[in-house]
Structure formats: structure tokens, C-alpha cells
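The next block holds one structure in the form of C-alpha cells; read it before the comments.
Reckoned from all heavy atoms, side chains included, excluding hydrogens, waters and symmetry mates. This is a predicted model, so every value here is computed, not measured.
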Amino acid sequence: MLNEVSENLHRIRHSLAHVLAQAVQKYRPGTKLGFGPAISDGFYYDFLLSEPISDEDLPAIQKLMVEIIKEGQEFSSEELAIPDAIARLGEMGEPYKAEYAQELADKNGLESLTFYTNGPFVDMCEGPHVETTRNIPRNAFKLHNIAGAYWRGDEKNQMLTRIYGWAFEDKKQLRTYQHAREEAVKRDHRKLGAELDLFIIDDHVGPGLPLWLPNGAVIIDELQKLGEEFEFIDGYQRVHTPMLTKGSLYEISGHLELYKEAMFPAMKLGGEDEDGEEYYLRPMNCPHHHILFASRPRSYRDLPFRMAEYGHTFRNERSGSLHGLSRVRAMCMNDAHIYCTKEQVREEFVRVLDLHKRYYDLLELDNYFFRLSMWDPDDPKGKEKYIDDPAGWEYATNEIREAMKESNLPYREVKGEAAFYGPKVDVQFLTVGLKEFTVSTTQLDFGIPQRFVDNGIDCTYIDSEGKKQVPFVIHRAPLSTHERFASFLIERYGGAMPTWLAPVQVKLLPVGAEFCEYANKVCAELRKNFIRAEVDLSSDTLGKKIRQGTVRKIPNLLVLGANEVEAESVTVRRYGIKEQRNYSIAEFTARLLTEIKERKHVKVWEDADALME
RNA sequence: GCCCACGUGGCUCAGUGGUAGAGCACAUCCUUGGUAAGGAUGGGGUCGCCAGUUCAAUUCUGGCCGUGGGCUCCA
């Protein structure tokens, strides 16, 4: 479903990286090579350029690449023993490659390395490649971007210049991909957010701190209602906790040790000079919930205890990673913590996964898979990154894996991406622009409650034999944060929200001034039913009113004139549907209320009819 | 944070070493209009901020702030 790439395409992309490197070394002699892999939509290569280049140089480099392809250079490979390989790379003047060759010998114990040659170009590379550059379609790739990238991705290292290219098996695929990218630009939530007056991010407030306008507030309020309803049905209980907390709590939870980088600096009570207690804006809600759990003795009969909060949290994200609503510094999470026994973990996890599926089905979201992110026992920095409890990690990971299998949802496993306190499951969606995007995460925590207990906070329950036990905790946020989820939905729907989510659900358009009174009357009737209706009282022509209602992507436009007044009716134009219909006021109201209550997506009139059956 | 690019009215953008323009939006008036832009008039910008060069800077240079694309998908 996602990013399935044929062996042939992979060879083409990887070979194109070599062709790019050859072209760049011709264009900028003396340029040193970094890495140049095939990636999900093409390839890139990192260079230390002898002289800088800009976007304007890309067409010239692409032209050089086409010439190389036309030459029909054949790829051949040879194996060199490590010392010979390093000597060779020295002769070639490739310090980065030589460094990597040494590392492969030292750390991975390789004894020989492969070199690929095509035409005048030689590169240390694992392959595989096409037989000849003539096998690369010359009209199915495009250099599209230049960006900085650290050598080995480490910001302590030299910054190299990365050139990205898209590459496919034929011209049509490239075009399809480019169209998707263009569509993504059109639907960008930052653009739609401004056009539809949903939110702003203002310098006076600060980067990464979005402000919701009334239209946007409607969307997040409706999402929150949805979350609260579904969670009520699933037995969650709501709580409210403060956004500010003593640093000592985060010492207990481990956040100050393992998560401090993402936290805002401490505020000191009693002024800078005094020995006051330090307070922090919370980066997560879990410590507060654990305190609530520990606030009185709990019985195993109370478990699972599902504690939910739409909690505001604050994270000091790196300035360069901020992005519209999808990467912010102040956010409101659809958060809950499920306290359960060891034996209940799997069943609760299955329920949580099922909740995800119900949300996605209702929102008509597809193209996703679940990614099980595990700890990496071989990570040399593991002790700094993860709670040190191998048996705990193993049990937790296995329970999630079994829950995934039982739920029969598409999933993959990756090492090294876990939270510091436990493995997690991320939901990866394919965006409009055909990129992978993490929407929500669920984490299984087997470590933090124990830390509370170790620090004298009784985060335990009494089991059936009267003994104290530390619960397992599932952290889950299927609707992610308001910010991130709204950004995703706006792009998925292209700003055209289903009626239940639409900021303005009905716009009434009197065809002339004398029908304003009737429009106001119908509007009042709709608003009595809690339908978000407005009248267009401007002196614009009907055509203009329709255009403006359409541009605002309002799901229901009601045209009201003499015919409607006489029949006590409304003429309905649905967004995206050509055919108009006429209903009595009562019937239109009833239909719309059903549609809103069911949270349905109406794309053709038959969808609306089906609701009334 | 780092690399590259960008920063002109609310929005989209043009333009210039001699203190600025268009369309949309907004306001007022005319039009009372039946299915995606009726017409006229008008208000609105110390050209991101701070320095420097210059007789003169929105334009050139530097710094800062902000935005955008990237920053291990690994021979």
C-alpha cells in the first residue's frame, strides 16, 4: 500500500545517485562525496562542494545527467580488501568515503568493500545498479531541491549540500507524483488556514504558538466532542489537571533526566536570587495523572482505570522543526492513561486499536498503517535513551505485537524509535502529497509508575491477594493533538469539511433585499436547533454570494427568493454537488440534524437520502 | 540550533539608489439582482527590525527576527 518499490526502480534510483554525483563533479570539479542513497520518491546525494550552487544550477546539472545517461555507461563492480579500498579512496581524494570505509572495517568487521564504476566515475557502493545508464529513463526523473545535511546526520559534523531528485520508471509516474505534490501545495493547511480564517501564528505571540480563530475553534471543539463521546462509551473518565508543575515531580518521573531538551526552561518561584522551587510548563500529562491515580488506594477491581483529559502541553521544539500546526510548541492532546494489570495489557491495547479504527472509519480516512516502535537493545546510547529494564521491554513489546496481530491491522516493526519509558505504536498516514506522516501514537509504559513508587508515591493497586502491585499504563492519543489532527484533516478534506465539522454549516442567500426577512427567519429556526447558520446580508448579486459561499467551502447554501417564501421552503446547493433540491424548512432541518448527529459525509444526494431511511 | 532560499497594504504579487503599485478583501454610494466575481468612489504600507555605505536606501552591505525546504530512508 505504502511506498512499495520494485527492485528495478530501486536500481534506477540508486544508479541515478551515481549519475548525479558524476554530473556534479563535472560541474564543480573537486567536489567530495558523502552518501547517495535511493529514497522513497527518488534519490539524493550529499556533497562537499568546491563552490556553492543554488536552485538555478539544477537544470544545468540535470542536463549533464541526461548526457551521461545517453552515453550508455556500463556499471561494473570490483571487490577490494579494506586496506586497498582505503588507499584507493585516498587516491580519489574522498575523505568521507574513506572515513566510512574505516568504520565499516572496525565496527562491522567487513574485510572487503565493493567499488562500482560507470564511465569515468567510481564510487564505493553496495549496489545494486542497472547494467548500463541507458536503462535509466531520461524523462522520468527531476532534480527538485537543494538542502543542507550534516555528514552522518550529526550536527557536530560538517554540513554538506544535499541535492534531491524524484525518480520513477516512466514519465507518467513522475507526472502523477508531481501532480500529487502540486495538490499538496494547494491543500496545505497553512494556506487553507489563512483562506478560511481558521488560525493564525503571530510574531507577537511567538513561533509554534497557534491562535485559533472562531472558524478553527469550531473544528477543534467538534473533534473534542467526538473524542469525549467515543471515550465515554468506552468507559473513560475525564479529569482536569494544571499546566504547571514543580520540577521535583519531573525528577521523579524521569522527564528532567530523559526529556529535558524538549521542555521549556524552569520558572523559579520567589525570584531569581532566592532558593525558590523550580516550576515547569508540562511537556506531558502523565505525571499528573499518575498523581491522581496514587491519590487514594486503588483495588484491582477498579482496573482498568481509564483517565482522560484534553490537556494542554508545552514542548520547546527546535525552531527549525516548527511547521504550521503539525509541529508546534503549545498543543492540546486527546490524552488518556489506562491503568491496568499486567494481564489486562493486551486486551486494553486491542480496545485502543479498535478505537483508532472507529475514528478513522467515521472520518473516512484510509491509507494508513501502524508502526510498532521498539527499543534497540544494541543501541550503545540505550542507557541514556531508555529505562533500563530489558525484561520489561521484552514483555511490553510482545504484548503489543500480539495485540496488533489480534486486531488484524496493517503494521510494521522498527527498532530504536520507542519512547524512553516504553514501546509505542505510531499511526502512519500517506498524505495528499504522498508522504508518510505520523498522526497519533500509543505507548505502553512499564517504567514510570515504578519510579513514582520508588520515590514514595503510592502509584499502586491492591491485587486479589491483598498485595500492592504497580500498574501498567497505556498512554494513548488516537486523535493526536488538536493542532496536528486538524492540520491533517484540513489537508485530507482540502478544507471542505463534512457538515458536522464545518465552521459555517449553512449559509442563507436571499436573492434580493426583500427576502432578507425570510432568510433571517429560517436562520433563526436553524440556530434554535444548534445548526451553525448565517445569512448573507450583503448587497452582492446572487452569483457573487454563491461564489463566496463556494470559495469558503460551506457545505450547504440555501437560495431564498419569492418561490421559497411562498412555499415556506429552501433551495439547497450542496458543496460539490451540481443538482439542487427544494425542501420544506422542517424537512431540511430534520435531514441536516440527522446528518450532523451521524457525522456523515454527504458527497451525492443519495448519501443524504440514505440517512433518512 | 545548523545549511540554503525568502520577507513590499488583511491576502496574492509587481516594482525602483531619488521616501511605492495592481488584483482580491474592506468602507461608502449606485444597482434590488434567481445560480461561481454588477458599477463607481474611497481608506489603508516608516517596503520584517537594527546598524553601515551614500547627498539620498524599500532597493547595496552586515547583524537580528520571522517564514519556507532540508538536517542517517544511510557503502
Side-chain angles (χ1 to χ4, degrees), chain A residues 3 5 10 13-14 17-18 33-46 49 52-56 77 80 85 89 94 96-105 108 110 112-116 123-128 144-164 185 188 190-191 194-195 197 200-204 206-208 261 316-324 414 416 435-436 509-516 538-552 557-564 571 573 578 580:
Chain A
N3 305 325
V5 172
H10 185 77
R13 286 171 171 171
H14 202 167
H18 284 222
L33 305 177
F35 288 138
I39 55 174
S40 65
D41 62 358
F43 59 94
Y44 68 76
Y45 217 114
D46 290 341
L49 292 163
I53 58 169
S54 72
D55 293 335
E56 279 104 64
S77 65
L80 288 183
L89 290 166
E94 293 295 352
Y96 296 109
K97 292 279 180 186
E99 178 192 321
Y100 192 58
Q102 190 66 56
E103 186 184 316
L104 286 172
N108 299 26
L110 295 191
S112 68
L113 291 165
T114 317
F115 283 71
Y116 271 84
D123 195 2
M124 179 184 92
C125 169
E126 180 174 53
H144 63 89
N145 197 15
I146 298 180
Y150 301 104
W151 168 240
R152 313 300 308 275
D154 186 336
E155 57 192 280
K156 292 185 197 81
N157 290 340
Q158 171 89 37
M159 171 72 71
L160 306 177
T161 303
R162 174 172 298 178
I163 300 180
Y164 280 96
V185 171
D188 190 312
R190 293 164 301 185
K191 182 169 176 275
E195 284 172 10
D197 288 322
I200 57 166
I201 295 173
D202 190 283
D203 286 357
H204 298 285
E261 265 186 31
N316 193 6
E317 301 285 353
R318 307 203 302 175
S319 63
S321 70
L322 298 176
H323 180 93
V414 289
K435 292 199 165 183
E436 243 183 62
L509 314 179
V511 302
E514 68 263 41
F515 307 112
C516 285
S538 73
S539 62
D540 293 325
T541 58
L542 180 60
K544 180 80 174 269
K545 288 176 181 174
I546 288 171
R547 178 181 156 76
Q548 287 187 325
T550 307
V551 167
R552 300 292 287 196
L557 299 178
L558 303 191
V559 178
L560 306 174
N563 305 336
E564 287 76 14
T571 295
R573 282 179 65 115
K578 282 202 177 135
Q580 296 186 140

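For A:Glu99, there are no salt bridge (charged side-chain N to carboxylate O under 4.0 Å, His left out) partners two or more places apart in sequence or in a different chain. A search for salt bridge (charged side-chain N to carboxylate O under 4.0 Å, His left out) contacts involving A:Glu317 returns A:Arg327, not counting sequence neighbours.
The A:Glu564 side chain lies nearest to B:rG34 when the options are B:rU67, B:rA37, B:rG34. Closest contact between the side chain of A:Pro207 and the listed nucleotides B:rG34, B:rU67, B:rC71 involves B:rU67. Considering only the side chain of A:His323, B:rG68 comes nearest among B:rU35, B:rG68, B:rC71. Set against B:rU35, B:rG69, B:rC74, the side chain of A:Arg573 has B:rU35 as its closest nucleotide. Nearest to the side-chain atoms of A:Ser319 among the listed nucleotides B:rU35, B:rC30, B:rG1 stands B:rG1. Nearest to the side-chain atoms of A:Met159 among the listed nucleotides B:rC2, B:rG1, B:rA36 stands B:rC2. Considering only side-chain atoms of A:Val559, the nucleotide from B:rG34, B:rA36, B:rC73 that sits closest is B:rG34. Minimum atom distance to the side chain of A:Arg190 is reached by B:rG69, of the listed B:rA25, B:rG69, B:rC74. If you check B:rC2, B:rG69, B:rG66 against the side chain of A:Asp203, the one that comes closest is B:rG66. With B:rG34, B:rA36, B:rG69 as the candidates, the nucleotide lying closest to the side chain of A:Val511 is B:rG34.
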Q) Based on Watson-Crick and G-U pairs with both distances under 3.5 Å, what dot-bracket line describes RNA chain B 5' to 3', crossing pairs as [ ] and inter-strand pairs as |? A) (((((((..((((....[..)))).(((((.......))))).....(((((..]....))))))))))))....

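Within the 4.0 angstrom heavy-atom criterion, only backbone atoms of the sugar-phosphate kind lie near A:Gly543; the bases stay farther away. Within the 4.0 angstrom heavy-atom criterion, only backbone atoms of the sugar-phosphate kind lie near A:Gln548; the bases stay farther away.
Taking the P atoms as reference points, B:rA27 lies 43 Å from B:rG52, given to the whole Å. Going from the P atom of B:rG7 to that of B:rG15 covers 11 Å, rounded to whole Å. Rounded to whole Å, the separation between the P atoms of B:rU59 and B:rG9 comes to 15 Å. When the C1' atom is used for both B:rG34 and B:rG38, the distance is 15 Å, rounded to whole Å.
Under 4.0 angstrom from either OP1 or OP2 of B:rG39 there lies no side-chain N or O belonging to A:Lys544. Phosphate proximity of B:rA36 to A:Thr550: absent, as no side-chain N or O sits under 4.0 Å from OP1 or OP2.
Partner of A:Phe35 under the ring pair (Phe, Tyr, Trp, His ring centres under 6.0 Å) criterion, out of A:Trp151, A:Tyr150, A:Tyr96: A:Trp151 alone.
The residue among A:Phe515 and A:Ala38 whose nearest nucleotide of RNA chain B lies closer to the 5′ end is A:Phe515. Judged by closest nucleotide on RNA chain B, A:Ile201 is the one of A:Ile201 and A:Leu110 placed further toward the 5' end.
In terms of polar N and O atoms assigned as donor or acceptor, the side chain of A:Tyr150 comes within less than 3.5 Å of the base of B:rG1 in a complementary pairing.
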